[in-house]
Structures are given as C-alpha cells and as structure tokens.
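Only one structure is covered here, and it is reproduced in the block below.
Computed from a prediction, not measured in an experiment: that's the story for all the values here.
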Amino acid sequence: MATHRLFLTVVLSAGLLAPALAARADEPKAAVRGVADEDLGNQIRQAVGTSDKPAATRFEARRRGREAAESAVAVLRSEGFYAGEAVSDLSDRDDEDSEVVPRAVITVTPGPQFRIARPTIEWQEVAPSPEVQSAGTLAMALRRGQPGRAQDVLSAEGRILSAIVQQGHADAQALPREVIVDHADNTVRPTFRIDAGPLVRLDGLIIEYGGRTRRDWITDLTPWKPGVVYAPDRLGELERRLRETGAYDTVSVSLAPADQVTAEGYRPVILTLKDRPRRSLEVGAGYSTTEGAGLDITTTRYNGWRRADTRVIGLRLAQIQQRLDYRVALPHWREPRQTLTVTASLYNEITDAYDQTGASLTADVTRRSGLNAYTTYGASIDGGRVAEILTVGNVVIRGVDRDLFNVSLLGAFAVDNSDDPLNPKTGWRAEIRAEPIVTFGDAELTYLKTTAQGSLYLPFGEDKKLVLAARLKAGVITGAESQDVPAARRFFSGGGGSVRGYGYQGIGPRIGSTPLGGISLAEASVEVRYDLTDQWGLVAFVDGGAVGENSFPQGEDFSAGVGFGVRYNLGFGPIRADIAFPLDPRDGDAAFQIYISIGQAF
C-alpha cells in the first residue's frame with residue numbers, strides 16, 4: 001500500500017508541476033521602481049514584459065527602458081493615474097566605460113488616482129422613452145468617486161448601448177464620447193452621446209432557403225408574433241431552435257435593413273438556412289484491457305420527413321456487448337423546445353456478472369428550459385433471457401436462465417454549463433434521474449432506481465492550458481434487496497467510464513472473481529489536465545468508487561485507482577489513452593489497465 005501511495009504522490013506532483021517545468025526563466029526587460037501598490041506594480045511589470053536573454057548593448061538597454069516607460073505610462077492612464085510619470089534609466093548610468101551591459105530601470109511616479117465625477121448621457125436626435133433612458137442610466141453603472149479607469153468608461157458605454165438594444169432600439173449607436181480629465185480636482189467626467197434610433201417592432205420571416213424542410217414547420221418555430229418589440233434574445237432563440245435539430249449546416253437569423261420596413265412599421269427577420277448532407281456515416285472504436293476492443297458504426301438520415309427529423313441506425317460490436325439500435329428523433333414535437341425520441345433495440349451482453357439477450361422499446365420527451373437546462377420524462381419496456389454468472393476459482397457456474405420483463409418510467413433533470421461536450425475546460429454539469437421499475441416474468445418486484453451526478457471544470461491561466469476537473473456520482477435502489485434485483489439492473493463500478501485501474505464491473509461485492517453488483521453506488525474522480533501544445537496534452541488522475549449491498553456503501557466496499565494519460569486533439573474532441581493502477585487490488589485484479597477512446601473521461 002505504501003508503494004501505491006508513493007506512486008500516487010509522484011503522478012499528481014508530475015501533473016501539477018508540468019506547467020511550471022514548461023515555463024522558461026525569462027527576465028524582465030526593465031526593473032520597475034517606485035510603485036507601492038502591489039496590484040498596480042504587477043500590472044506594470046506584466047506590460048513591460050520579459051525577454052529570454054539580457055540586453056546585448058547599452059543602446060539596446062536604453063531602448064528597452066524607453067519602451068518600458070511608455071508601457072508603464074499606458075498602464076497608469078488605463079488605471080486612472082492621469083498625472084503619473086515613468087522615467088527610464090540604466091542600472092550603472094555613471095559608469096559608461098564598464099564592459100558589463102547594464103539593465104534598464106524605470107522609476108514610476110503614479111501620482112493621485114483620478115475619480116469619476118458626474119457621468120452623464122446625452123441623447124442625440126430623438127430621445128427614447130423615459131423607461132429606456134432609465135435602463136441606459138442604470139446600465140451605465142458608474143459611481144461618483146470610483147477610480148476613473150479607461151476600461152470602466154469604455155465598458156459603461158457598451159453596457160448603455162446593450163441595454164438600449166434590449167429595449168427594442170435595434171439601430172442604437174454610440175457617437176464620439178467626451179471625457180474631461182480635470183487635473184485641478186483630479187476627476188474624470190465622461191459624457192456619452194447615444195443615438196437610440198427608432199423603436200423596432202418585428203414582422204414575420206423572410207426565409208432564404210431551398211432545402212427539404214417545410215416552410216410552415218419553420219414558421220411555427222418563430223418565438224414572436226408580428227408587432228412585438230424587438231429583442232436580440234428572440235432572434236437568438238429562433239437560431240438556437242434550428243441549430244439544436246442537427247439538420248442544418250448553416251443557420252443565420254438577422255434583422256432586415258431599416259429600408260425594408262412594412263406598411264405597419266414592422267421590420268422583417270431574415271432567416272438563412274442550408275441543409276447538412278442528407279446522410280452521414282460515422283465509425284468509432286475503443287479499447288480497454290478488460291472490455292477488449294469495441295467498434296461502433298452509426299448511419300444517420302436527416303430531414304427525411306421534412307421537419308428536421310433524425311433517424312439513426314447504430315451497431316455496436318464489442319467483446320462484452322453486441323447491440324443494434326434504431327432511433328428516431330422529432331425535434332420541436334408538438335411544441336417548440338421539445339424533442340420526442342423513440343428507440344428500439346436488440347442486444348446481447350456477456351459480462352462477468354451476467355449474460356443477457358433481449359429487446360427494448362423506449363420513448364422519451366426532453367424539454368429545454370432556458371439555454372441549457374433539460375427535463376426528460378419517458379417510459380420503456382424491455383424483455384429477454386438473463387442468466388447470472390458465478391466464477392469460483394477456475395470453475396464458471398452459469399445460473400438458471402430466467403425470462404424477465406421490465407416496465408419503467410423515467411424522470412430526469414440535467415443542466416450543462418460546460419463549454420464543450422467532449423473537451424470541457426470551464427463550467428459544470430449536473431444530472432438527477434429517477435426510474436420506477438416493475439419487473440415481472442420469472443421474478444416479480446417493484447423498486448425505484450435513483451442516480452445523481454455532477455462534474456466541475458476549473459481552468460487556470462488566460463489560455464486555460466491547465467484544467468482541474470472533478471466528478472461525483474451517487475445512486476441508490478429502494479424497494480428491493482440487492483439479491484432480488486435482476487443483475488443487469490444493479491449498480492456496477494469499475495472501468496474506463498467510472499473507476500480506472502480496475503476491470504469492467506471490478507469494484508464492489510464479489511464471490512470468487514464474480515462481481516455481484518449492489519443497490520448503492522458512490523464514485524468520485526479528480527483529474528489534472530495540461531495542454532502541452534494545441535494537439536497534445538497530459539493528464540494525471542485519481543478515481544475512487546464503491547458499490548454496496550446496503551442503502552449506502554460501507555468502508556470495505558471502497559476502491560481507488562490512480563494513473564496518467566495522453567490526449568491528442570482531433571479538433572472536435574480528443575482521443576484519450578490512459579493507463580491506471582489499482583491502489584488496493586484483490587485476487588484476480590490485473591496490475592494495470594489501459595483505456596483508449598474518444599473524449600475526456602468526464
């Protein structure tokens with residue numbers, strides 16, 4: 001165990017120190033003196049910059065000093081120190097004959113920080129309604145007495161303009177502003193000159209499209225009625241509704257020019273669409289030490305029924321699973337933002353815990369709320385022949401074949417605030433699912449299966465090269481004992497999608513080398529990801545998990561693994577290759593596991 005802990009320390013230390021080791025020990029182009037404020041000093045030093053080698057001549061050192069002084073003054077102005085100065089010099093100015101090339105030095109005198117005073121908005125041409133004026137004033141958000149930073153003034157103008165556009169003035173524009181910097185009282189008095197333009201009301205669509213989708217179906221997705229006041233979010237919602245169907249290569253929604261206003265005074269909206277190819281073929285592959293190789297072939301047909309529908313045939317051929325799926329997705333079914341998905345499947349599974357052959361039919365309705373929250377409800381029925389497997393030593397005992405049928409309902413809620421489905425670098429995800437299940441046939445019981453999971457992604461640095469990712473998952477089955485629940489419905493853990501370092505289903509209760517599964521589940525993962533280049537990256541990770549036969553896993557049920565891996569970015573997502581080691585292997589566990597697939601582990 002001590003060896004495993006030492007290995008874990010080495011792996012994590014290597015992952016965390018990789019960025020530091022990659023950085024070069026550059027030196028500042030000029031030393032900065034005279035700045036007492038730490039934050040201001042850091043900003044100036046960052047603006048001055050560094051060089052990978054010292055100045056070769058006194059002339060170059062003086063040039064670096066002048067450039068550094070100019071950069072320092074620019075920072076002072078941007079932070080509101082409009083009377084500040086920066087003077088450049090050399091570290092040994094009096095010794096002109098020295099053979100040692102001196103360093104550039106700048107002495108900064110910040111002076112007082114100027115403060116905002118009397119920020120105002122001057123409405124040009126025709127002033128908008130008092131409500132719009134109030135919205136612009138509130139959005140300006142410049143307080144008297146706050147530091148007169150240049151960026152704050154520019155940001156305030158942008159906020160004013162955005163607030164006015166949100167109020168329906170689509171043609172609003174900012175004219176040249178006036179900013180008075182008064183050295184007599186150390187104040188900054190900005191005056192924003194805004195031309196709000198006319199209030200815009202929306203008309204219907206002008207559809208520029210020659211594809212297969214019915215125009216009346218497209219028109220029904222419009223989230224406004226003629227005459228409603230313009231808002232950018234209305235146009236953005238229409239674009240989102242069309243993009244999420246996956247049936248189009250190009251979706252563009254824009255307001256028609258002002259000269260196309262209708263007799264009622266309304267502005268049409270121009271919608272430009274281009275269909276994606278009618279059919280697509282995708283082939284994927286994966287590999288892990290215990291699960292073996294797997295091949296996925298998917299063929300998709302788009303828009304066959306002229307309402308942005310998707311029909312998918314998926315075939316999976318793997319060592320432990322063979323599966324054929326036929327899935328139909330009808331986006332905006334019965335109403336916008338609601339998708340009906342119907343899936344019919346045939347499957348055969350050969351695992352260490354059970355063998356299962358059967359068929360299933362599932363129907364789900366998923367409704368989007370806002371930008372990224374999804375509620376799903378549905379029902380499914382499946383049935384087939386199941387046999388539990390028991391391996392003792394080298395003897396494999398196949399249980400009695402049972403014909404089992406399951407009817408289940410589904411309720412789920414998910415939020416995805418991450419920035420990328422396959423390679424997230426920032427944000428978070430969360431999901432909770434509840435499935436009441438009725439089993440009948442050679443066994444009869446009713447129970448509830450509930451799972452919840454979440455993941456968090458924390459980037460470091462402006463370039464987000466270093467990412468700390470974490471994942472938690474928990475599940476519980478209530479209403480039945482572990483041994484009564486069909487093996488295929490129990491919780492299992494272990495493998496590339498859960499706890500790396502262990503074989504598929506390798507964590508939790510066992511008899512001999514046979515995993516039994518359980519009615520409770522807990523998993524956690526922490527991963528450090530670092531991008532060496534645009535294509536190549538490294539990871540170090542710790543995974544832990546437990547499967548229990550009670551309502552909550554016990555301490556002896558817990559297992560953990562550590563490892564590292566590489567990533568190669570294909571553009572749409574990374575290929576991952578991981579090697580992981582179990583920290584507390586049991587009899588029959590391999591010394592390590594290898595996993596290869598597309599996308600991050602979570």
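- At a cut-off of 3.5 Å, with distance as the only test, no side-chain donor of R327 or T343 sits close to an acceptor on the other residue.
- Note on ring orientation: taking the six-membered ring where Trp is involved, the planes of F114 and H183 are perpendicular (angle over 60°, cut-offs 30° and 60°).
- Put simply, the side chain of R567 does not reach to within 4.5 Å of the side chain of L538, judged on heavy atoms.
- Of the residues D531, D463, D420, the one that meets the side chain to side chain donor-acceptor pair (under 3.5 Å) test with K425 is D531.
- There is a side-chain donor-acceptor pair under 3.5 Å between D543 and S525.
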Report all side-chain donor-acceptor pairs from residues 568-576 shorter than 3.5 Å, counting only partners two or more places apart or in another chain.
{"unit_1": "N569", "atom_1": "OD1", "unit_2": "G571", "atom_2": "N", "d": "2.8"}
{"unit_1": "R576", "atom_1": "NE", "unit_2": "S597", "atom_2": "OG", "d": "3.1"}
{"unit_1": "R576", "atom_1": "NE", "unit_2": "G599", "atom_2": "O", "d": "3.2"}
{"unit_1": "R576", "atom_1": "NH1", "unit_2": "D578", "atom_2": "OD2", "d": "3.1"}
{"unit_1": "R576", "atom_1": "NH2", "unit_2": "G496", "atom_2": "O", "d": "3.4"}
{"unit_1": "R576", "atom_1": "NH2", "unit_2": "S597", "atom_2": "OG", "d": "3.4"}

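- A side-chain donor-acceptor contact under 3.5 Å links R367 to the backbone of P336.
- For Q260, the CD atom is densely surrounded, since the number of other residues' heavy atoms within 6.0 Å is greater than 12.
- Looking at K465 and Y530, their side chains come closer than 4.5 Å, going by heavy atoms from C-beta outward.
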**Request:** Any chance you could lay out the salt bridge (Lys or Arg N to Asp or Glu O under 4.0 Å) test for E67 and R62, step after step, and finish with the verdict?
**Result:** CA-CA 9 Å; E67 292 175 352; R62 289 192 181 94; over 6 Å; no

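- Between R433 and Q453, the side chains place no donor N or O within less than 3.5 Å of an acceptor N or O (distance only, hydrogens not considered).
- With respect to the salt-bridge test (charged N to carboxylate O, under 4.0 angstrom), the residues K449 and E435 do not qualify.
- Within 6.0 Å of CD on E38 lie no more than 12 heavy atoms contributed by other residues, nucleotides or ligands.
- By the 4.5 Å heavy-atom criterion applied to side chains, Y377 and L409 are not counted as neighbours.
- Using modelled atom types, one finds a donor on one side chain and an acceptor on the other under 3.5 Å when comparing T187 with R189.
- Geometrically, R241 does not engage Y248 in a cation-pi contact, judged by NZ or CZ lying under 6.0 Å from the ring centre and within 45° of the ring axis.
- In R278, the CZ atom is crowded: over 12 heavy atoms of neighbouring residues, nucleotides or ligands sit closer than 6.0 Å.
- When only modelled atom types and interatomic distance are considered, T366 and T339 share no side-chain donor-acceptor pair under 3.5 Å.
- Judged by the 6.0 Å and 45° rule, R193 forms no cation-pi pair with W123.
- In terms of the side-chain contact (heavy atoms from CB on, under 4.5 Å) criterion, residue partners of F460 (sequence neighbours excluded) are, by chain and number, L458, L466, L468.
- Taking the ring centre of Y302 as origin, the terminal cationic atom of R276 falls inside the region bounded by 6.0 Å and 45° from the ring axis.
- No more than 12 heavy atoms of other residues, nucleotides or ligands lie within 6.0 Å of CG in D534, so this atom counts as exposed by the packing criterion.
- Side chain to side chain, Y457 and D419 fail the donor-acceptor criterion of an N or O pair below 3.5 Å.
- Applying the side chain to side chain donor-acceptor pair (under 3.5 Å) rule to Q46 yields no partners; only residues at least two apart in sequence or on another chain are considered.
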